[in-house]
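Notes follow the structure.
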Protein chains: 2
Amino acid sequence: MEVKPPPLRVTAAAPPPAREKLADAAYAALKASILEGLLPPGVETAEQAIADQLGMSRTPVHEAALRLQHEGMLQVLPRKGVRVLPLDPEDLRQTYEVLIALEGAAAALLAAQAHPAALAAMERATAEMGQALAAGDRAAWAAADDRFHRALVEGCGNPKLARLAATATDQAQRARALTAARRPEPVLSAEEHGAILAALRAGDSEAARAATARHRARASAEILSVLRG
Amino acid sequence: MEVKPPPLRVTAAAPPPAREKLADAAYAALKASILEGLLPPGVETAEQAIADQLGMSRTPVHEAALRLQHEGMLQVLPRKGVRVLPLDPEDLRQTYEVLIALEGAAAALLAAQAHPAALAAMERATAEMGQALAAGDRAAWAAADDRFHRALVEGCGNPKLARLAATATDQAQRARALTAARRPEPVLSAEEHGAILAALRAGDSEAARAATARHRARASAEILSVLRG
DNA sequence: CCATACCACCTTCCATACCAGTATCCCCAG
DNA sequence: CTGGGGATACTGGTATGGAAGGTGGTATGG
């Protein structure tokens with residue numbers, strides 16, 4: 001089945017008007033609820049119920065559910081409802097492998113160019129992580145860590161890569177939120193971030209990639225061991 | 001805005017039933033039409049018109065359009081229609097960087113494990129590429145090349161990575177289809193594939209990653225130079 | 001003849017209605 | 001009491017109509 005070329009009207013590129021849509025609101029609300037753990041894994045609920053809570057109809061909720069399904073956060077089961085996917089260790093392993101690939105590439109790209117602003121942001125985030133750790137504020141630590149990685153992928157000059165990495169990070173964040181209490185203090189992250197920064201400053205792409213990969217691989221192993229019990 | 005935990009009903013994991021939906025058909029039809037060039041870049045058309053051609057309503061077409069938009073093939077412009085995105089060289093560069101990262105990681109993973117079936121498939125594909133090239137059959141060559149890369153990412157043991165790589169490959173395929181006529185004979189690919197296979201057989205992850213990255217980087221540079229004129 | 005303002009059409013987005021399918025529960029038979 | 005069969009009700013997938021909004025065309029005034 002093919003779509004035949006309709007009456008042509010070639011246009012130049014145009015900036016997206018970006019009106020806020022209800023579907024976007026539903027997406028954000030659902031995602032936030034899942035990431036915060038308000039909707040624990042395994043929960044099943046009907047689209048209609050979600051629509052009622054959000055004060056909209058099923059249509060935008062359905063669209064949001066499909067998007068989240070695409071990202072692997074939930075599953076829409078016909079005649080069953082939408083189900084928040086449990087954190088499958090195997091799934092998480094795959095996600096971390098993707099994340100290692102993407103962030104490693106981002107680090108290599110960033111090392112190959114001068115980008116003082118990104119490096120500064122990453123240094124600031126690392127410093128804040130140290131402060132938060134000293135203060136025992138795990139939430140602040142996680143936020144600063146998130147800023148570090150976000151600055152890394154957003155500074156590499158590849159928005160597509162950054163977007164994919166952000167999606168994978170969202171998944172990993174879920175796992176970190178659920179295992180935070182059972183993991184030891186994240187004292188290693190700061191020095192690993194330091195190693196990444198050093199490689200970036202030196203402009204050594206391979207070292208930057210390797211340091212980033214090591215950092216994520218260690219975190220992955222740690223979380224997986226906790227998750228697997 | 002948050003979704004409060006509704007009446008819980010925790011269930012065990014279940015395999016997806018995977019009924020075929022009209023939305024999937026619309027997605028496939030649209031994507032094929034774009035990849036084949038039937039819907040050239042820049043074209044604007046209404047969702048209604050597509051729905052009419054496919055003999056369905058606007059709802060599944062809209063869903064398909066959103067999916068394609070997510071993949072970067074088109075753009076849904078409110079009150080304008082869906083627009084097939086032009087092949088922006090900058091965009092393609094980003095896509096290839098993602099592809100290099102993902103396929104490089106896949107090669108490294110594959111090298112670290114024994115997977116004779118995948119290697120055999122890749123060797124077969126490479127041989128078929130040689131035959132197609134000798135016969136002057138560009139289409140068969142492209143198909144065999146596609147099989148090579150598909151076997152690589154699907155053999156690495158990470159379906160998530162494979163899916164992302166497949167999406168990126170689709171984008172690259174569009175560019176290859178549009179520039180095929182203006183590019184030289186792809187004689188280098190076969191030996192580059194050979195280098196990748198050698199590294200995989202040797203179990204050398206780093207060499208496999210490097211060889212894969214080099215292969216894609218060369219193709220990327222070639223296509224981009226043609227595309228930029 | 002050109003510029004401007006108004007109007008009408010066409011678009012997506014959302015709400016609502018319909019449909020088909022299946023899981024569940026109840027009832028009856030053994 | 002237990003097992004099976006069927007009716008029922010609830011679900012998501014799809015269709016459709018209405019509303020909001022923007023664009024292009026046209027008409028009018030300078």
Side-chain angles (χ1 to χ4, degrees), chain A residues 1 3 6-30 39 42-70 73-85, chain B residues 1 3 6-30 39 42-70 73-85:
Chain A
M1 190 150 52
V3 178
L8 307 184
R9 189 163 41 122
V10 175
T11 66
R19 258 188 58 223
E20 68 168 294
K21 298 188 280 205
L22 282 183
D24 294 332
Y27 172 81
L30 266 176
L39 289 173
V43 153
E44 276 181 13
T45 182
E47 292 178 356
Q48 181 64 65
I50 299 170
D52 290 344
Q53 283 197 28
L54 297 179
M56 62 182 71
S57 92
R58 271 185 50 222
T59 307
V61 171
H62 183 62
E63 181 185 319
L66 291 174
R67 254 197 272 179
L68 269 318
Q69 177 181 46
H70 187 77
M73 291 224 187
L74 51 79
Q75 200 172 8
V76 304
L77 304 165
R79 290 162 288 287
K80 298 268 311 186
V82 303
R83 190 175 62 116
V84 179
L85 282 178
Chain B
M1 191 151 52
V3 178
L8 309 184
R9 189 160 43 120
V10 175
T11 66
R19 268 187 52 221
E20 68 167 293
K21 297 186 280 200
L22 282 183
D24 294 332
Y27 171 81
L30 265 177
L39 288 173
V43 151
E44 275 181 16
T45 180
E47 293 177 357
Q48 177 68 66
I50 299 170
D52 291 343
Q53 284 196 30
L54 297 178
M56 62 182 71
S57 92
R58 305 189 316 264
T59 306
V61 171
H62 181 63
E63 181 185 323
L66 290 174
R67 255 196 272 179
L68 270 316
Q69 178 181 44
H70 187 79
M73 291 223 187
L74 51 79
Q75 200 172 6
V76 179
L77 304 167
R79 286 156 218 87
K80 298 266 314 185
V82 302
R83 190 174 62 114
V84 179
L85 282 178

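Labels below follow one simple rule: chain letters A, B, ... track the order of the sequence lines, proteins then strands, and each chain is numbered from 1. Just so we're clear, the structure is a prediction, and the values are computed from it rather than from any experiment.
Of all nucleotides present, only dT24(C) satisfies the Watson-Crick or G-U wobble test against dA7(D), with each distance under 3.5 Å. In this structure dC18(C) sits in a base pair with dG13(D), meeting the Watson-Crick or G-U test at under 3.5 Å.
In this structure, CD on E44(B) lies 5.0 Å from NZ on K80(B), to the nearest 0.5 angstrom. Here the straight-line distance linking atom CE of M73(A) with atom CG of L39(A) works out to 11.5 Å at 0.5 Å rounding. Taken to the nearest 0.5 Å, the NE2 atom of H70(B) stands 11.5 Å off from the CG atom of L68(B). Rounding to the nearest 0.5 Å gives a distance of 9.5 Å between NE2 of H62(B) and OG1 of T59(A).
Counting to the nearest Å, the P atom of dT11(C) and the CD atom of Q75(B) are 18 Å from each other. Residue L22(B) contributes atom CG, which lies 13 Å from atom P of dA20(C) at whole-angstrom precision. In this structure, Q48(B) places its CD atom 16 Å from C1' of dC14(C), rounding to the nearest Å. Put simply, CD on E44(B) is 11 Å from C1' on dT23(D), counting in whole angstrom units. Spacing between atom CG of L66(B) and atom P of dT14(D) amounts to 14 Å, rounded to whole angstrom units. Following rounding to the nearest Å, H62(A) (NE2) and dC14(C) (C1') show an atom-to-atom distance of 14 Å. At whole-Å resolution of the value, CG in L68(A) and C1' in dG12(D) are 16 Å apart. If you measure from atom CD of E63(B) to atom C1' of dT12(C), you get 16 Å, rounded to the nearest angstrom.
A residue-by-residue look at S57(A) and A46(B) shows that A46(B) has its nearest nucleotide of DNA chain C further toward the 5' end. Taking the nucleotide of DNA chain D with the nearest heavy atom to each of T59(A) and G81(A), the more 5' of the two is matched to G81(A).
The base of dG13(D) is paired with the side chain of R58(A) by a donor and an acceptor separated by under 3.5 Å.
Classification of E47(B) and R58(B) as a salt-bridged pair fails, no side-chain N sitting under 4.0 Å from a carboxylate O.
Of all nucleotides listed (dT22(C), dT12(C), dG12(D)), dT12(C) comes nearest to the side chain of E47(B). Distances were taken from every side-chain heavy atom of R79(A) (C-beta onward) to each of dA15(D), dT22(C), dG13(D); the shortest belongs to dT22(C).
Regarding contacts with the backbone of dC13(C), a side-chain N or O of K21(A) is found under 4.0 angstrom from either OP1 or OP2.
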